[in-house]
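Numbering of ligands and ligand atoms starts at 1, following listing order.
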Amino acid sequence: MGRLSHSQAGVTVVTAMTTYLSGIQPSGLQHLGNYFGAIRQHIELQAEAGEHFYFIADYHALTTNRDPAALRECVRETAITYLALGLDPERATLFRQSDVPEVTELTWLLASVTGMGLLERAHSYKDKLAHGVKPNVGLFTYPILMAADILAYDSDVVPVGKDQVQHVEMAQDMAGYFNGAYGEVFTRPEYRLAGEAFTKVPGLDGQKMSKTYGNDLWIFESGKRLKKRVGKLVTDSRPPEEAKDPDEILPMDFLALFLDPGELEEWRGRVREGGAEAPGYGHMKMRVVEAMEEQFAPARARREELLADPGRVDEILEQGGQVAGNRAREVRERALAACGLR
Ligand code: TYM
């Protein structure tokens, strides 16, 4: 639980409040899954009272990235993406994970109380292996660094997509192992999912949208490239007039991301009924392109402004790193003292 201290007529008032935290990997351009599953929640949650920490997980990216210039570029692009989509640095602390090296130290403390079996059960690790990723020790211990990220700021709520739920549960377990051994040091975090249609956004091939699978659609894609990418949405060869179940049609899942409930229901009804009035797949894809162009137009314009002002972005990240570092150092001291290193 975060603590807010402020002075009121010379008396310090301490108020308990919720701390929200989440992270995103700078491994390529952010896609619609990242937006609808996570970033949109992060931006909406800024309106809630409490503290908000969002970071760019550059240490995590090292488990797969071997190109320093590309990593630097991706970190900047990720920060710009958040700011363009509406993250307000006055309300939320935006920072680079590696600006708070205390998390790597906490990783060791947590690793020392965590059994191998917990990590061996990680779906995300098994899934990456199944997709041909060559594992290194960092990839295997990834959930411990992620637990340290969460626990280092006394986070209460971690807004994520469904694929990260198990990792947050592992952070709960690790907090429990450490607290069980040394007393109440870490706060138990809870995950928070977006609405049902958004927790696992499908990719162009119908599997979960993921940079690893190459089936992703960049949030700011537009024009011809957007049409080309959306054209790749997997469909079948049934004619438009044939009645279909809208829940089994991939372009309809994409329309569900963008359309208001009234318009979505109208499309679904026409698909279900079939006949001369029913839309074809090409028609659905065109509406996806149009809706996506429209929804992200203001953010696309803000992104252009931010690209032209890299100094501003660096400044926001640096200030964010200082705020986050101050918080993490408090938790670090508590953890070191508890386990006998002080
Ligand atoms: P990452 O970078 O893979 O994804 C960032 C966020 O986007 C969500 N997401 C999705 N949501 C719905 N549908 C999808 N297809 C989809 N793809 C991705 C993810 O669930 C995530 O919320 N390990 C994390 C980064 C991280 C982190 C943390 C997160 C490091 N430390 C601490 C929370 C707390 C990751 O790789 O996310």
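- Remark: Glu273 pairs with no residue by the salt bridge (charged side-chain N to carboxylate O under 4.0 Å, His left out) rule, at least two apart or across chains.
- A donor and an acceptor atom, one from each side chain of Asp154 and Thr19, are nowhere located under 3.5 Å apart.
- Judged as a side-chain contact (heavy atoms from CB on, under 4.5 Å), and not counting sequence neighbours, the contacts of Arg91 are Gln46, Asp88.
- Cluster annotation: Leu29 and Tyr54 are assigned to the same hydrophobic cluster (Ile/Leu/Val/Met/Phe/Trp/Tyr, side-chain heavy-atom contacts under 4.5 Å, transitive).
- Both tests pass for Arg40 against the ring of Phe198: distance under 6.0 Å to the centre and angle within 45° of the axis.
- The protein residues lying under 4.0 angstrom from ligand 1, judged by non-hydrogen atoms, are Ser22, Gly23, Ile24, Gln25, His31, Gly33, Asn34, Gly37, Ala38, Phe55, Ala57, His60, Tyr142, Met146, Asp149, Ile150, Val158, Val160, Gly161, Asp163, Gln164, Phe198, Thr199, Lys200, Val201, Lys208, Met209.
- In this view, Arg229 satisfies the side-chain hydrogen bond (donor to acceptor under 3.5 Å, both in side chains) rule with no residue, not counting sequence neighbours.
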